[in-house]
Novice: 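Supplied in structure tokens, the structure appears directly below.
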Amino acid sequence: MSEQHNLILMGPPGSGKGTQAKRLVEQFGIPQISTGDILREAVASGSEIGKRAKAIMDRGDLVPDEVVIEIVRQRLARPDCKKGFVLDGFPRTQAQARSLDEILREQGREPARVVALVVADDELRRRILARGEGRADDNETAIAKRLDVYRRDTEPVLAHYAASVRRIDGIGTMDEITDRVIRALGARA
Ligand code: B4P
């Protein structure tokens, strides 16, 4: 099998996952899979999943594992993921990480390579409040909740990938960080 780019970008809310994922799309010619974007589209379309997810997302909590895992399972089965993918915002819990391992195994894929962006909380708050996209979860209360949920549920996922995760400094210009991410991935474009 030719080499796959099965990539995961981790990091707290506001760390630049979405920004860097878009750049990896250009670098490697693989699709970005952002569970946050997919869920926001579901909310906007008024689908059943969207109706379930809206209040949870607005307060900064995590959407139930089974909902998000099913979204990712179906998305990874699409033909454009054959050469790889960049997951941004998933996995966010240990159950999601275990399911992803299983999905990759079932689909006969190589294990994912993981990069974690490291950014301090005060900078995260500043970036999210500055982004001005009018997202319902970009207010002080929801941001505090999202950071708590990240520490409690998502940071432990880094231990799941302890053998392979590459932590990189997420402070700097967007170009500097892209260079660091690509170097951490071994620049196998
Ligand atoms: P997400 O959409 O993933 O939201 P996020 O964690 O806040 O990341 P985001 O992509 O917005 O931030 P980024 O770092 O790219 O999730 C939203 C909600 O969906 C969750 O709270 C949850 O409810 C639900 N959800 C999603 N996935 C889930 C899952 N797997 N399980 C359960 N629930 C799930 O960008 C931040 C800002 O920083 C941007 O404005 C950018 O312009 C700026 N920025 C980027 N790089 C910068 C740099 N170098 N310097 C300065 N600013 C920079």
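Numbering of ligands and ligand atoms starts at 1, following listing order.
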Novice: Show me which atoms of ligand 1 lie under 4.0 Å from any heavy atom of Arg135.
Specialist: 2 (O), 4 (O), 7 (O), 11 (O), 17 (C)

Novice: Should Asp138 and Arg127 count as an ion pair when the cut-off is N to O under 4.0 Å?
Specialist: no

Novice: For residues 153-160, dump all side-chain donor-acceptor pairs below 3.5 Å to protein atoms at least two apart in sequence or in another chain.
Specialist:
| residue | atom | partner | partner atom | Å |
| --- | --- | --- | --- | --- |
| Thr154 | OG1 | Arg92 | O | 2.8 |
| Glu155 | OE2 | Arg151 | NH1 | 3.0 |
| His160 | NE2 | Asp101 | OD2 | 2.7 |

Novice: Could you tell me, atom by atom, which parts of ligand 1 come under 4.0 Å of a heavy atom of Ser15?
Specialist: 14 (O)

Novice: Which part of Arg126 is near ligand 1, with near meaning a heavy atom under 4.0 Å away: side chain, backbone, both or neither?
Specialist: neither

Novice: In the protein, which heavy atom is nearest to atom 19 (O) of ligand 1, and how far is it?
Specialist: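 In this structure, atom 19 (O) of ligand 1 has Met57 CE, 3.3 Å as its nearest protein heavy atom.
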
Novice: Under 4.0 Å from a heavy atom of Gly89: which atoms of ligand 1 are those, numbered in the order shown and with their elements?
Specialist: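 Close to Gly89: 27 (N), 28 (C), 29 (C), 30 (N).
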
Novice: Under 4.0 Å between a Lys/Arg side-chain N and an Asp/Glu carboxylate O for Arg105 and Glu102?
Specialist: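 Result for this pair is no, no salt bridge flagged.
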
Novice: Quick one: does Arg40 get a heavy atom under 4.0 Å from ligand 1?
Specialist: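 Yes.
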
Novice: Are the side chains of Asp121 and Leu124 in touch, meaning some heavy atoms are under 4.5 Å apart?
Specialist: yes

Novice: Which of the numbered atoms in ligand 1 are under 4.0 angstrom from any heavy atom belonging to Asp61?
Specialist: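 Near Asp61, the atoms of ligand 1 are 22 (C), 23 (O).
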
Novice: Please could you name the atoms of ligand 1 that Gly172 approaches to less than 4.0 Å, counting only its heavy atoms?
Specialist: 48 (C), 49 (N), 50 (N)

